[in-house]
Amino acid sequence: MSRYRFLLKKIAWSVFTIFFVLILNFFLFRVLPGDPARAGVKDPRMKKEAVEAIRVRFGLDKPVINCFQSLNPIELGDCAVNPFDTQFFIYLRNLTRGEFGISFHTNRPVSDVLLERLWNTILLIGAGQILSIIVGIAFGVFAAWKARTTIDYSALITGLVAWSLPTFWLGIILLFWGSNNGFPIGGKATPGTSSYPFLYQAGDVFKHMLLPTLTYTIVFMGEYMLVMRSSLLDVLAEDYILTAKAKGLSTFQILKDHALKNAMLPIVTIIAINLGFTVAGAIQIEAVFSWPGLGGAIFEAVNRRDYPVLQGAFLLIAVSVIIANLIADLTYSYLDPRVHSE
Amino acid sequence: MAQDYILEVRYLKKYFQAGRPGWFSRGDLFVHAVDDVDLQLKRGEVIALVGESGCGKSTLSLTLMGLEEATEGTILFEGRDITHASPKERKEIRQRIQMVFQDPYESLNPTQTIEEIVSEPLHVHGLATNPEERNDRVRRALEDSGLKPAEDYLHRFPHQLSGGQRQRVVIASALVLEPHLLLADEPVSMLDVSIRAEIINLLADLRQKRNISVIFITHDLGTVGYFADRVAVMYLGRIVEIGTMGEVLKDPQHPYTKALLSVIPVPNPRLRRKRIILQGETPNPIDLPKGCRFHPRCPVAIEACKLSDPPLQKVSDTHSAACLLLVR
């Protein structure tokens with residue numbers, strides 16, 4: 001019974017947090033300096049009427065919210081205005097319809113831009129995450145099992161070096177190496193292959209993915225490995241491991257039945273946090289390999305002051321981090337019975 | 001003769017290397033955790049192993065359990081040499097020697113239910129494969145350990161139980177294999193005083209009911225007074241006095257035992273015993289004092305104590321002590 005209450009409580013909190021992010025997201029961009037209407041077209045000769053037309057087109061002529069015409073510079077307005085005719089409520093109403101607005105730069109709906117980029121990111125970072133989790137945990141368990149031997153120390157040093165490598169540097173090195181060995185140097189697909197058969201295209205994307213995925217795996221593997229190793233060593237020093245040994249369990253049974261489940265708890269937290277940021281994309285990797293992912297989109301949008309795209313991307317990242325945390329909480333309650341009973 | 005004893009320990013030594021071998025470490029340093037221990041235990045007998053922290057009580061029990069490899073000496077269990085048993089033999093022996101650890105908060109896996117914890121030994125040893133029989137044994141072990149009715153506890157997790165209940169679970173999971181010998185390593189030191197007597201009574205009952213031999217390790221002579229048949233007092237890895245409970249408590253021979261006994265609180269406030277407070281620290285077990293290992297702290301040491309290391313000498317048939325001053 002308490003498990004369901006725990007679940008409901010967590011979900012309620014997540015919904016509340018998402019709502020809070022929605023509101024924050026709106027005001028965050030409204031208090032930023034600069035006129036969004038002028039950010040798109042930087043031509044000083046632009047006529048006043050043209051600017052006004054852009055403002056009307058994007059709804060920027062409407063008051064931000066009751067009593068405030070604009071937030072930067074602060075300009076008080078009419079408090080008696082119809083609340084449903086303010087930017088804030090139009091924003092909320094559009095969100096409920098799944099509209100994130102229109103990109104200032106490309107004039108395409110933000111949701112289209114983001115969705116296309118999102119799939120690319122999930123493809124690349126998802127593959128990297130899964131690989132680094134599997135490899136990192138396996139190495140971590142192995143190192144802990146062989147604790148204080150040469151194998152352990154070499155694994156430890158490798159992990160530390162991998163974790164502390166600057167991502168962009170490793171990416172550039174691999175890119176240099178790859179470009180001399182027949183790997184494509186950037187992008188997601190070879191230009192002009194969109195009419196080729198599906199299998200050929202898939203192979204092409206796979207080839208483009210190899211180097212960035214490798215970079216991601218190497219950098220993130222170190223973290224998983226080190227945390228897994230130390231967490232498992234902690235658990236192996238617990239009395240219940242000695243008790244299990246005294247009961248007659250073999251080393252493998254102790255690892256399988258007692259140690260791993262308890263040692264997985266810190267890993268679950270890290271995986272969840274990292275999964276949340278998967279959607280944000282590894283900006284450095286996407287920039288180095290010109291991968292058309294979400295991280296790259298954010299990078300470009302900042303340069304172009306494309307606020308609607310940023311707003312949408314921030315929302316997407318926030319929601320995915322919150323959902324990842326929710327999943328972590330639920331996994332936790334499955335792994336550790338102490339979590340959901342206070 | 002040998003068949004009378006369930007456990008015979010002869011000249012058991014367990015040394016730990018001090019520091020890892022390497023370029024800069026001196027390889028010849030050893031911690032003398034257990035140093036020449038001789039001990040016999042009859043079937044159904046309870047022996048209390050007493051001594052201060054670091055005297056080697058726990059190392060002795062881990063070595064008996066096979067969780068540490070003995071450096072020298074032999075351990076005979078039910079007439080069979082188990083000192084260097086192979087992993088397969090060891091697993092079989094573990095059905096008959098079980099251990100209760102000190103800290104019930106640490107020795108239970110927090111992610112397992114009580115049922116899983118108590119039935120695990122059966123599972124591991126492939127015993128009671130029939131679910132009904134298994135449930136029956138788990139229930140019996142729990143109820144024998146004082147967790148009645150067992151149904152109330154089966155599906156709980158350790159964190160939902162009190163310290164005393166947890167220790168009962170630990171005992172139940174040792175009992176479920178129906179061991180012949182139980183090693184209890186300070187089973188009550190982490191518990192509230194009010195619970196201690198209950199757990200000790202429980203162990204006394206079990207010994208009556210199941211004729212289990214118990215090695216009860218403690219640093220507190222007061223808790224074992226009315227439970228153990230014999231007492232062995234350990235100091236720096238060696239037994240310095242051993243005898244029946246009555247003999248050792250009423251007529252201690254070794255100055256160390258006398259000091260230990262003198263500091264047990266007496267319930268009568270008018271009756272004041274003269275306390276013997278030992279001076280100084282326990283010597284470093286790496287660098288043992290020459291001669292009698294107790295002489296630097298001994299209130300009655302003489303010159304000869306610095307020179308010769310006294311062996312255990314008989315005071316009576318059942319009582320011996322290792323002190324040069326024993327008047328024969």
Side-chain angles (χ1 to χ4, degrees), chain A residues 1-6 145-153 156 231-269 328-342, chain B residues 20 22 58 61-62 64-68 87-114 116-127 155-160 166 169-171 173-177 179 182-183 185 190:
Chain A
M1 213 55 222
S2 70
R3 176 162 277 189
Y4 292 113
R5 276 189 59 193
F6 171 81
W145 184 33
K146 299 274 174 200
R148 282 172 280 281
T149 62
T150 318
I151 296 174
D152 178 32
Y153 290 126
L156 194 62
S231 161
L232 191 55
L233 281 182
D234 278 354
V235 171
L236 285 178
E238 294 277 355
D239 273 358
Y240 55 79
I241 299 296
L242 197 63
T243 311
K245 211 171 160 190
K247 280 178 180 175
L249 277 81
S250 65
T251 316
F252 178 72
Q253 281 171 318
I254 291 176
L255 266 183
K256 181 171 76 77
D257 296 344
H258 291 271
L260 281 182
K261 202 173 170 191
N262 284 299
M264 279 310 282
L265 292 174
I267 294 284
V268 167
T269 315
D329 277 337
L330 300 184
T331 318
Y332 238 87
S333 79
Y334 166 74
L335 284 177
D336 189 347
R338 283 169 301 184
V339 170
H340 56 83
S341 61
E342 31 265 279
Chain B
R20 289 182 335 103
S58 294
S61 70
L62 291 178
L64 293 179
M65 238 358 253
L67 294 172
E68 295 285 358
K88 208 177 149 199
E89 289 172 301
R90 182 68 66 194
K91 190 170 171 186
E92 191 229 312
I93 295 159
R94 289 220 165 103
Q95 293 180 29
R96 285 174 286 151
I97 309 182
Q98 277 293 304
M99 187 158 185
V100 174
F101 287 91
Q102 176 173 12
D103 188 347
Y105 293 91
E106 297 288 323
S107 54
L108 296 174
N109 184 341
T111 61
Q112 287 186 319
T113 62
I114 306 306
E116 285 165 345
I117 292 170
V118 179
S119 64
E120 187 175 40
L122 294 175
H123 184 73
V124 168
H125 292 282
L127 300 169
H155 302 293
R156 295 221 220 162
F157 286 100
H159 69 272
Q160 295 165 320
R166 281 162 176 242
V169 172
V170 175
I171 293 172
S173 69
L175 285 181
V176 76
L177 286 174
L182 194 65
L183 297 174
D185 187 357
M190 303 293 286

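Chain naming here is simple, since letters A, B, ... match the order of the sequence lines and numbering starts at 1 in each. Here the structure is a predicted model, which is why all the values come from computation and not from measurement.
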#### Entry: Partners passing salt bridge (charged side-chain N to carboxylate O under 4.0 Å, His left out) against B/Arg96 (at least two apart in sequence or in another chain)
B/Glu78, B/Glu92
### Point-to-point distance, once rounded to the nearest 0.5 Å, from CD of A/Gln253 to NE2 of B/His123
7.0 Å
### Message
For a quick test of reading the model, state the closest non-hydrogen atom pair linking B/Val124 to A/Gly248 and the distance between them.
### Response
CG1-O, 3.4 Å
### Query
Is there any residue in residues 236-246 of chain A with a non-hydrogen atom under 4.5 Å from a non-hydrogen atom of chain B, and which ones are they?
A/Glu238, A/Asp239, A/Tyr240, A/Leu242, A/Thr243, A/Lys245, A/Ala246
### Query
For B/Gln95, is it the side chain, the backbone, both, or neither that has a heavy atom closer than 4.5 Å to a heavy atom of chain A?
neither
### Query
Looking only at atom types and distance, does a side-chain atom of B/Lys91 sit under 3.5 Å from a main-chain N or O of A/Ser250, one as donor and one as acceptor?
no
### Query
Hey, does A/Asp257 have a side-chain heavy atom less than 4.5 Å from the side chain of B/Glu120?
yes
### Query
What are the two closest non-hydrogen atoms of A/Asp336 and B/Thr111, and how far apart are they?
CA-CG2, 4.4 Å
### Query
Given a strict heavy-atom distance threshold of 4.5 Å, which part of B/Ile117 is in contact with chain A: side chain, backbone, both, or neither?
both
### Message
Show the nearest heavy-atom pair for residues A/Lys247 and B/Ser173, with the distance to one decimal.
### Response
CE-OG, 3.8 Å
### Query
Of the listed residues (B/Phe101, B/Phe157, B/Tyr105), which shares the most heavy-atom pairs with chain A below a 4.5 Å separation?
B/Phe101
